[in-house]
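Each remark here refers to the structure printed beneath this line.
Below, all heavy atoms of this structure are taken into account, side chains as well, without hydrogens, waters or symmetry copies.
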Amino acid sequence: MMMNLFSQFASTTYLGTPLIFLAMLTPWLLFPTPSAKWINNRLLTSQNWFLTLFTKQLLLPLNMPAHKWAFLLASLMIFLLSMNLLGLLPYTFTPTTQLSINLGLAIPLWLATVITGFRNQFNHSLAHFLPEGTPTPLIPILILIETISLFIRPLALGVRLTANLTAGHLLIHLVSSAVTSMYSLSTLATLLTFSVLILLTILEIAVAMIQAYVFVLLLSLYLQENT
């Protein structure tokens, strides 16, 4: 039972080749490419409206040097949002339920913000480790705490995204299994459980969108501290 429950998070292979790279490439293939026409269709118009609105809201609290990251953050948002939503379809694989994938995204981007801070404002970045006016006996403890909190940020980014998506997928799997097992026992109980499954699916769609936004938002906040 436990193996069947967690087997959905195992990367699918074909002829010994893992298909996780195909699952990560698929979202980019589904987005329409810009056309040379003067008037775009509804899909391109909706896509441009979403990207403009998201970029404006994300970069609103950031200063001008951080606006160079607009393309990267918007692309990351589209990438995570597409993978999270496509992973809710039946017989699909969600790469963002893998901690290795999420840490592979979180650690380089977090490290880039830290390096940017040390390169542009070295003294200000070091000042984060020791607040002004700290008593002398507390200096080593505070430096250790701030160092740990700095290095735990990418781990928190990856674990948060993995845990939320994994928990939602497990709940949907358990409730859907309950629907099929109660179908022959009670029609009323089956309908009630199926209603819970529909509500849970809607909630999981919202979680998939929110977690993608939170991941990019936290990266933008880290960037704001270092620019």
Side-chain angles (χ1 to χ4, degrees), residues 1-31 50 54 75-110 151-219 221-222:
M1 175 63 181
M2 294 300 293
M3 290 299 294
N4 295 333
L5 191 61
F6 287 94
S7 61
Q8 59 178 317
F9 302 110
S11 178
T12 309
T13 59
Y14 180 74
L15 298 178
T17 304
L19 300 181
I20 187 171
F21 300 106
L22 180 61
M24 297 176 65
L25 182 64
T26 302
W28 299 112
L29 300 178
L30 297 178
F31 278 92
F50 171 75
F54 170 74
S75 302
L76 180 63
M77 174 66 184
I78 295 296
F79 181 60
L80 292 176
L81 183 62
S82 303
M83 286 197 300
N84 292 351
L85 293 178
L86 289 177
L88 294 175
L89 297 176
Y91 302 103
T92 56
F93 174 72
T94 312
T96 45
T97 56
Q98 304 294 312
L99 184 60
S100 57
I101 297 296
N102 296 331
L103 289 180
L105 292 172
I107 292 178
L109 293 173
W110 163 81
F151 282 98
I152 210 172
R153 284 180 174 181
L155 182 62
L157 278 176
V159 170
R160 180 187 294 107
L161 183 59
T162 304
N164 282 281
L165 295 180
T166 302
H169 283 63
L170 287 176
L171 283 175
I172 291 177
H173 182 79
L174 290 173
V175 175
S176 60
S177 300
V179 171
T180 56
S181 62
M182 289 191 301
Y183 180 74
S184 59
L185 300 178
S186 173
T187 305
L188 180 60
T190 303
L191 291 176
L192 290 176
T193 310
F194 185 71
S195 301
V196 173
L197 179 61
I198 293 176
L199 294 176
L200 186 60
T201 304
I202 296 174
L203 176 63
E204 186 62 20
I205 292 174
V207 168
M209 299 172 65
I210 291 172
Q211 289 304 316
Y213 178 72
V214 168
F215 190 94
V216 179
L217 179 63
L218 290 177
L219 273 177
L221 293 178
Y222 300 157

Within residues 152-161 or reaching into it, pairs that qualify as side-chain hydrogen bond (donor to acceptor under 3.5 Å, both in side chains) - sequence neighbours excluded: Arg153-Glu225
Mind checking side-chain contact (heavy atoms from CB on, under 4.5 Å) for [X] and listing every partner two or more places apart, or none if nothing turns up?
{"X": "Ile210", "result": "Val214"}
{"X": "Asn102", "result": "Thr96, Leu161, Thr162"}
{"X": "Ile107", "result": "Leu103, Pro154"}

Distance check, rounded to the nearest 0.5 Å: [X] atom [atom1] versus [Y] atom [atom2]?
{"X": "Trp110", "Y": "Leu219", "atom1": "CH2", "atom2": "CG", "result": "11.5 Å"}
{"X": "Thr97", "Y": "Leu170", "atom1": "OG1", "atom2": "CG", "result": "9.5 Å"}
{"X": "Tyr222", "Y": "Leu109", "atom1": "OH", "atom2": "CG", "result": "12.0 Å"}
{"X": "Thr94", "Y": "Leu85", "atom1": "OG1", "atom2": "CG", "result": "10.0 Å"}
{"X": "Ser176", "Y": "Leu171", "atom1": "OG", "atom2": "CG", "result": "10.5 Å"}

Side chain proximity check, Ile78 to Phe54, heavy atoms < 4.5 angstrom: no
4.5 Å side-chain heavy-atom contact, Leu81 and Met209: yes
Partners meeting ring pair (Phe, Tyr, Trp, His ring centres under 6.0 Å) with Tyr213 (sequence neighbours left out): none
Can you give me every donor-acceptor pair (side chain of residues 190-204, partner residue at least two apart or in another chain, under 3.5 Å) with its distance?
from, atom 1, to, atom 2, distance (Å)
Thr190, OG1, Met182, O, 2.8
Thr190, OG1, Ser186, O, 2.6
Thr193, OG1, Ala189, O, 2.7
Ser195, OG, Leu191, O, 2.9
Thr201, OG1, Leu197, O, 2.8

CZ/Phe151: more than 12 non-hydrogen atoms of other groups inside 6.0 Å: no
Flag, side chain of His169 to backbone of Leu165, donor-acceptor distance under 3.5 Å: yes
Short side-chain to backbone donor-acceptor contact, Thr166 and Ala163, under 3.5 Å: no
Within residues 188-201 or reaching into it, pairs that qualify as salt bridge (Lys or Arg N to Asp or Glu O under 4.0 Å) - sequence neighbours excluded: none
